[in-house]
Novice: 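Pasting a structure here, questions to come.
Heavy atoms only: backbone and side chains are in, while hydrogens, waters and symmetry mates are out. Residue numbers start from 1 in every chain, and the chains themselves are labelled A, B, ... in the order their sequence lines are given, proteins ahead of strands.
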Amino acid sequence: MPPVIEIQDIKTRFGSQEVHKGVTFSVEGGQLVALIGGSGSGKSVLLKEIIGLLRPTSGRIRLLGQDVWKSSDDQLRKLRNRIGVLFQNGALFSSLTVGENIAAPLREQTSIPEELICAIVQLRLAMSGLKQSTARKMPSELSGGMTKRVALARALALEPEILFLDEPTSGLDPINARRFDSLVRTLCDSLGITVFMVTHDLDSITSVADEIIVLGDGKLLAKGSLEEIRGVDHPWINDYFSSRLAS
Amino acid sequence: MGAIARANSEGNPWYSLHESSEGLTIRFRGSWRLAHINEIYPVILREWRFKPNQRIFLDGSELDELDTSGVMLVRHVLREAGVSEEQVVESNVKPEHSSITKLVRENLAVPDPIETPKHFGLLERAGIGTINALAKCKELLAFIGQTSLVWLKIFVNPRLIRFRESVVQLERVCVDAVPIAALVTFLIGIVVAYLFSIQSEKYGANLFIVDAAALAMCRELSPIIVAIIVAGRSGSAFTAQIGAMKLNDEIDALESLGLSPMQVLVVPRMLALIIAMPLLVFVGDVVGIFGAMIIADLRLGITSVTFIDRLNQVLPVRSLLVGLIKAPVFAAFIAVIGCKMGLSIERNATSLGLSTTSTVVQSIVSVILLNAAFAIIFVELGI
């Protein structure tokens with residue numbers, strides 16, 4: 001099976017600032033991958049480039065076998081229907097209720113009858129660990145943890161093959177963060193989808209990630225399982241894994 | 001019966017039905033995914049019929065592809081047909097599909113009674129609208145009260161005025177607004193003079209164009225036009241700036257630092273606008289009359305020297321002041337409305353847009369109402 005995400009020699013420059021100096025890696029299907037790196041190492045920029053929101057200065061990105069930056073608008077739209085994205089702050093549409101937020105991708109991209117959309121929305125809510133009554137709330141009435149869950153439910157609405165999560169546990173308390181992690185793990189396992197997660201959270205990495213990709217100095221520092229990464233001798237990686245002891 | 005069911009579904013790419021003494025077996029095939037739901041749904045709605053308390057076996061042995069929406073489709077149709085969960089048995093599910101069916105089975109939500117949104121009649125709507133409008137009036141009054149209190153404090157202790165913020169605001173609402181205010185009043189001056197020149201030429205009263213254009217610009221047109229520009233430009237900006245700060249928790253941050261949003265945000269903006277408006281109106285007066293002067297020269301042959309000479313005779317300082325006195329009052333109203341709408345924003349992006357629109361509408365309406373009041377007052381006072 002070909003890799004679902006292929007990044008080849010990505011370079012990104014904003015003015016004189018060089019964010020990526022040639023990043024290359026690939027991600028196999030069905031895995032939960034965590035992308036880590038210090039603040040300003042270009043993790044979120046890379047995520048935006050992968051999902052086709054920001055054009056890299058040079059390099060090639062293939063998603064599900066399709067070149068993101070050589071696709072026509074129509075191809076890109078179809079490709080986007082096969083991925084789900086959870087943005088850092090949820091990015092729920094503030095004028096729609098929670099139920100309408102989750103139904104939005106279904107209503108816009110499919111022509112499924114309304115009663116089935118309702119049933120699917122109910123399933124998505126339950127899968128994300130939310131009560132059915134949440135559907136009628138407005139996003140402004142939700143707590144941080146609930147917002148992330150609703151955003152997850154919306155990201156899952158179209159049955160994506162890859163799920164991108166941008167800092168899914170930031171702003172959550174440790175208990176909710178672990179619950180969210182195990183939810184993502186369960187969904188990843190039972191739906192067989194690939195999860196690509198940008199994160200800072202050491203606990204998420206140690207508890208749920210199959211593979212870790214470390215970005216630093218604009219380059220790929222390391223890629224591999226938790227044990228392999230721990231074995232890498234790099235100042236930032238050493239600091240990262242010992243930060244727990246310091247605190 | 002079984003034969004009929006089989007015959008019905010022979011050519012069906014999605015499933016076959018097999019009825020036996022044990023119950024009804026639905027043998028799925030093909031791809032039961034979100035993308036195909038539209039094709040599958042009408043077929044199964046038409047063809048699936050269940051007997052009461054019949055056992056139903058969902059056989060996945062021939063199924064190629066499955067996702068949660070596909071499982072949900074089956075569950076939804078069964079539920080709508082009144083089949084209870086105890087009647088349903090999943091059998092021969094392929095290993096790669098079993099986690100998906102399990103996930104859905106565990107998350108089959110008890111459907112929540114969804115309240116149908118209430119539709120209000122005309123009378124109810126009018127009532128709700130009135131109550132909301134009254135509540136808004138009350139809020140505005142309360143805000144005016146708060147603002148007045150802050151101003152009282154400032155009169156007692158003028159050092160409470162935040163000089164830096166006020167100057168920054170003054171630059172934005174005054175200096176930056178000069179080009180657009182001048183352009184618009186210049187064009188209005190030209191239009192008024194042009195239209196009047198046609199009339200005055202007919203009666204041979206050419207020189208009266210000076211009276212008409214000067215009085216119209218100074219007393220009415222320049223104050224109103226400038227007020228409308230300022231309402232659209234600065235009033236809406238106040239709402240948007242303060243509203244965005246509120247969405248970003250900056251207002252709370254100010255208060256937690258022991259600063260009063262009234263003093264830091266509202267007073268500098270009010271002050272800046274109250275100073276800016278008369279200045280802008282004066283610019284409007286001058287530029288508008290200049291526009292009229294050009295037209296008078298081009299259309300009626302009145303030279304600028306004659307024009308200015310006539311202007312000296314027919315435009316008393318009083319008329320100029322009538323226009324300039326209105327300006328700070330308009331400014332105070334626009335600033336108060338703009339700031340109040342910004343501070344009372346709700347925590348969502350829609351509210352920001354609605355409030356900004358509402359600021360412009362409220363400001364323009366109140367400016368026009370105030371102008372009418374001024375007109376009556378000045379006439380009664382014989383000015």
Novice: If I measure from the heavy atoms of chain A, does B:Asp67 come under 4.5 Å with its side chain, its backbone, both, or neither?
Specialist: both
Novice: With a 4.5 angstrom heavy-atom cut-off, is it the side chain or the backbone of A:Leu125 that approaches chain B, or both, or neither?
Specialist: neither
Novice: Pick one of side chain, backbone, both or neither for A:Leu106, based on which atoms fall under 4.5 Å of a heavy atom in chain B.
Specialist: side chain
Novice: Kindly compute the distance separating CZ (B:Arg75) from CD (A:Gln122), expressed to the nearest 0.5 Å.
Specialist: 14.5 Å
Novice: What distance do A:Leu123 atom CG and B:Ser69 atom OG have between them, rounded to the nearest 0.5 Å?
Specialist: 7.0 Å
Novice: Is B:Lys102 atom NZ crowded by more than 12 heavy atoms from other residues, nucleotides or ligands, each under 6.0 Å away?
Specialist: no
Novice: If the contact rule is any heavy atom under 4.5 Å from chain B, which residues of residues 81-90 of chain A qualify, in numerical order?
Specialist: none
Novice: Are more than 12 heavy atoms from other residues, nucleotides or ligands located less than 6.0 Å from atom CZ of A:Arg77?
Specialist: yes
Novice: What residue, out of A:Ser95, A:Ser140, A:Ala119, A:Gly99, has the most heavy-atom pairs lying under 4.5 Å from chain B?
Specialist: A:Ala119
Novice: Tell me whether the count of non-hydrogen atoms from other residues, nucleotides or ligands lying under 6.0 Å of CD1 in A:Ile175 goes above 12.
Specialist: no
Novice: Run the side-chain donor-acceptor check on residues 130-143 of chain B: report pairs under 3.5 Å with partners two or more places apart or on a different chain.
Specialist:
| residue | atom | partner | partner atom | Å |
| --- | --- | --- | --- | --- |
| B:Thr130 | OG1 | B:Ala126 | O | 2.6 |
| B:Glu139 | OE1 | B:Lys340 | NZ | 3.1 |

Novice: Checking A:Glu141 now: which residues fulfil side chain to side chain donor-acceptor pair (under 3.5 Å) with it, not counting sequence neighbours?
Specialist: none
Novice: So, taking the atom named CG in A:Leu116 and the one named CG in B:Leu45, what distance separates them when rounded to the nearest 0.5 Å?
Specialist: 8.0 Å
Novice: Under 4.5 Å from any heavy atom of chain B, what part of A:Ala135 do you find: side chain, backbone, both or neither?
Specialist: neither
Novice: For B:Ile37 and A:Ile120, run side-chain contact (heavy atoms from CB on, under 4.5 Å): C-alpha distance rounded to whole Å, both residues' side-chain angles, the deciding distance at 0.1 Å, then the answer.
Specialist: CA-CA 11 Å; B:Ile37 281 187; A:Ile120 294 174; 4.3 Å; yes
Novice: Is chain B contacted by the side chain of A:Glu115, its backbone, both, or neither, given a heavy-atom distance below 4.5 Å?
Specialist: both
Novice: Tell me the closest heavy-atom pair linking B:Ser99 and A:Asp189, and the distance in Å.
Specialist: OG-O, 4.1 Å
Novice: Scan residues 145-160 of chain A for pairs that pass salt bridge (charged side-chain N to carboxylate O under 4.0 Å, His left out), counting only residues two or more places apart or in two chains.
Specialist: A:Arg124-A:Glu159
